[in-house]
Q: 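Quick one: structure below, then a few questions.
One-based numbering along the sequence shown. A quick note: this is a predicted structure, and the numbers were derived from the prediction, not measured.
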Amino acid sequence: MNQTRTLLFFALMFVAYLLWTEWEKDYGPQPAAPTPAAQTDAGKPNTDSSIPGAAAPAKVPGDTTAPAEEGKAELVTLSNDVLRLTIDTRGGSIVRSELLAYPNEPVTKKNPSPPPARLLDDEAAHLFAAQDGLVSNTGPAPDHRALFHAEKTQAALADGEKSVSIDLTWTDPSGLKVVKRYSLKRTDYVVDLDQRVENGTSTAWTGNAYHQLQRVPAEKVNWFKAYTDPAQHSFFGAAWYSPENKFESLPFLDFTKKPINRQITGGWISMQQHYFFVAWIPPADQSVNYSSTIVDPNSATPRYLVRAFGPTLQVAPGQAVDSVARLYIGPKLQGTLDVIAPGLELTANYGWLTIIAQPLHWLLSQLHAISGNWGVAIILLVLLIKAALYKLTDAQFRSGARMRKLQPRVAALKERYGDDRMKMQQAMMELYKKEKVNPMAGCLPILITFPIFIGLLRVLSESIELRHAPFFGWIHDLSAPDPFYVLPVLYFLVTLLTQRMMPTAGMDPTQAKMMKVMPLIFGVFFAFFPSGLVLYWTVNGATSLLQQWWINRSVDRADIKAKTA
């Protein structure tokens with residue numbers, strides 16, 4: 001009966017995990033209390049709009065209002081070998097980004113060249129833009145509504161070059177000139193931005209640079225996809241980092257209730273989604289105000305905005321000053337992000353399972369380096385875990401085998417004591433003690449393997465390396481459900497065979513009915529889980545079944561040998 005309790009315990013813990021994840025969305029850790037609002041140069045607080053210090057909502061992609069400056073804007077492209085950016089000269093904002101190394105769909109024979117995944121997007125339904133600009137209370141300044149001029153419409157990294165850049169220029173009749181330079185290095189998802197302010201006027205210019213991300217909420221999905229698509233369980237919203245409080249996040253639903261307003265040195269701010277994210281990274285030595293708001297909150301398409309508002313810039317007549325920042329647009333690649341900025345690796349958000357998920361990811365990566373296939377790496381991980389826990393599972397299965405041998409005697413005790421459960425339990429415990437059987441032997445292995453199971457679920461759901469990773473045959477994406485349900489059916493059969501090897505004597509009718517339907521319940525559950533996770537649990541169940549069969553045989557042989565001795 002110890003294995004029966006093990007399966008029931010597993011089911012209970014799994015349901016508890018699902019309830020916990022839902023609870024976290026509404027009642028989990030929240031951002032620290034906001035600090036007083038940052039001030040502009042004139043001492044006025046920033047307002048909730050898309051322009052720092054502006055009183056009315058500003059022009060952003062998707063607006064139907066008239067632009068701040070008259071003139072025709074155009075789109076220019078900047079690309080390296082992994083990233084293609086589209087920049088709108090209206091504001092000099094990045095309005096589209098294509099991740100060339102990450103196709104939008106799995107590569108198959110029918111679809112050998114799917115389009116690249118798009119992160120920043122200028123389509124109204126998926127609007128997501130990275131904006132930057134300047135504001136000033138003492139003179140002209142080009143914000144992200146200003147019209148810039150680009151001398152060329154495209155710039156691509158050529159063979160042999162280490163970097164590529166493109167310039168956008170804004171000039172004011174008074175003599176103030178601003179040049180935005182976006183630069184990309186080879187095989188790099190970091191965009192370097194330099195806003196150079198050249199003061200050709202006769203008076204000093206004072207202002208601030210800002211960098212912000214703005215997007216519409218995610219599209220609503222039906223209830224079935226909400227519970228079966230792993231992407232729907234990932235975090236969508238804003239996240240930021242500070243040396244004092246480390247990684248913090250703010251779901252889109254909490255933008256109104258808990259807006260960010262923090263003064264941070266050495267941090268960054270981002271918008272997060274499944275597998276990818278975009279983050280503005282100011283210079284580490286600058287004290288920057290991070291804030292959030294909703295633009296046009298009462299409209300049909302409100303836009304969520306997070307901003308990094310920089311320190312004061314002062315430019316004397318005839319002088320120039322540069323304001324720099326970096327923008328990360330790309331995947332949540334572990335092992336490389338902390339090199340870009342402290343805490344950036346935490347964007348692969350495993351939550352409270354980080355202590356388990358991160359080592360599992362590292363181990364999987366090492367096994368993948370050996371095998372060259374993520375599915376094979378998962379199988380090797382199963383074998384390593386089984387080897388590490390062999391002593392524990394051996395004790396569990398031997399106890400189960402001995403309990404199976406005691407079923408006739410347990411059945412006899414049940415007939416003797418009938419409905420007297422107290423005497424029945426006492427007699428069973430005396431029997432177990434006499435035969436040296438520990439009914440709790442199965443608890444310790446499940447206490448260890450269940451967190452590994454949940455941690456691996458997070459790894460397979462969140463790790464970009466497993467996105468669209470093929471296995472063999474019909475499985476083209478280990479992070480998606482098995483399209484033909486082969487693995488869930490195999491798991492159902494393994495669970496069914498495992499159940500038949502369990503001792504059933506002493507089990508009450510309700511418990512017996514539960515055990516009969518559990519293989520079907522878990523088979524249905526796993527039909528919608530990532531195929532990599534189902535592969536892990538199927539191989540784990542098959543090896544456990546083989547181990548149980550072998551131990552049962554060895555126990556039987558030992559009993560026969562003892563009787564003939």
Q: Of the non-hydrogen atoms in Pro114 and Pro106, which two are nearest, and what is the gap between them?
A: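 That would be CG-O, 4.3 Å.
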Q: Arg186 versus Asp81: any side-chain heavy-atom pair under 4.5 Å?
A: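 Yes, at least one pair of side-chain atoms sits under 4.5 Å.
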Q: Within a strict 4.5 Å, meaning less than it, do heavy atoms of the Val459 and Gln358 side chains meet?
A: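 Sidechains of Gln358 and Val459: no contact.
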Q: Decide if atom CD of Gln154 counts as having more than 12 heavy atoms of other residues, nucleotides or ligands within a radius under 6.0 Å.
A: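 Check fails, neighbour count at 12 or below.
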Q: Is it the case that the side chain of Arg326 and the backbone of Ile340 share a donor-acceptor pair, with hydrogens and angles ignored and the cut-off at 3.5 Å?
A: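 Yes; judged by distance alone, with no hydrogens or angles, the pair exists.
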Q: Between Asn80 and Lys185, is there a donor-acceptor pair closer than 3.5 Å when you use the side chain of the first and the backbone of the second?
A: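 Such a contact is found between Asn80 side chain and Lys185 backbone.
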Q: Show me the side-chain donor-acceptor pairs of residues 373-384 shorter than 3.5 Å, one per line, residues at least two apart or across chains.
A:
{"from": "Asn373", "atom 1": "OD1", "to": "Gly375", "atom 2": "N", "distance (Å)": "2.7"}
{"from": "Asn373", "atom 1": "OD1", "to": "Val376", "atom 2": "N", "distance (Å)": "3.1"}
{"from": "Asn373", "atom 1": "ND2", "to": "Phe471", "atom 2": "O", "distance (Å)": "3.3"}
{"from": "Trp374", "atom 1": "NE1", "to": "His368", "atom 2": "NE2", "distance (Å)": "3.3"}
{"from": "Trp374", "atom 1": "NE1", "to": "Glu465", "atom 2": "O", "distance (Å)": "3.3"}

Q: For Phe276, which residues count as a ring-ring contact (aromatic ring centres under 6.0 Å, His included) partner, sequence neighbours excluded?
A: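 Phe276: ring-ring contact (aromatic ring centres under 6.0 Å, His included) contacts with Tyr102.
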Q: Is it the case that Gln272 and Thr347 place a side-chain donor and acceptor less than 3.5 Å from each other?
A: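 There is no such pair between these side chains.
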Q: Cut-off 3.5 Å, no hydrogens considered: what does the side-chain donor-acceptor table look like for residues 159-166, sequence neighbours left out?
A:
{"from": "Glu161", "atom 1": "OE1", "to": "Ala158", "atom 2": "N", "distance (Å)": "3.2"}

Q: Going by the rule ring-ring contact (aromatic ring centres under 6.0 Å, His included), which residues pair with Phe128 if we only count those two or more places apart in sequence or in a different chain?
A: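 Expected list: none.
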Q: Would you say the rings of Tyr241 and Phe247 are close, in the sense that their centroids are separated by under 6.0 Å?
A: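 No, they do not, as the ring centres are separated by 6.0 Å or more.
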Q: Taking the side chain as every heavy atom from C-beta outward, state whether Gln212 and Ile269 have any atom pair closer than 4.5 Å.
A: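 They are not in side-chain contact.
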Q: Which residue, Asp192, Asp167, Asp132, forms the salt bridge (charged side-chain N to carboxylate O under 4.0 Å, His left out) with Lys180?
A: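 Looking at Asp192, Asp167, Asp132, the match for Lys180 under the salt bridge (charged side-chain N to carboxylate O under 4.0 Å, His left out) is Asp132.
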Q: Apply side-chain contact (heavy atoms from CB on, under 4.5 Å) to the pair Asp143 and Leu134, showing each step before the final yes or no.
A: CA-CA 5 Å; Asp143 56 36; Leu134 298 166; over 6 Å; no
Q: Parallel under 30°, tilted from 30 to 60°, perpendicular over 60°: which one fits the rings of Tyr485 and Phe528?
A: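 Perpendicular: the ring planes of Tyr485 and Phe528 meet at over 60°.
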Q: Using 0.5 Å steps for rounding, measure from the OG atom of Ser79 to the CD atom of Glu98.
A: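 Atom-to-atom, Ser79:OG and Glu98:CD are 9.5 Å apart.
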Q: Mind checking what makes ring-ring contact (aromatic ring centres under 6.0 Å, His included) contact with His211, not counting sequence neighbours?
A: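 By the ring-ring contact (aromatic ring centres under 6.0 Å, His included) rule, His211 matches Trp280.
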Q: Any donor and acceptor pair, going by atom type alone, linking the side chain of Thr543 with main-chain N or O of Asn540 inside 3.5 Å?
A: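 Indeed, once roles are kept as given, a pair shorter than 3.5 Å links the two residues.
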Q: The criterion is ring-ring contact (aromatic ring centres under 6.0 Å, His included); which residues satisfy it with Tyr189, sequence neighbours excluded?
A: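 Here no residue qualifies.
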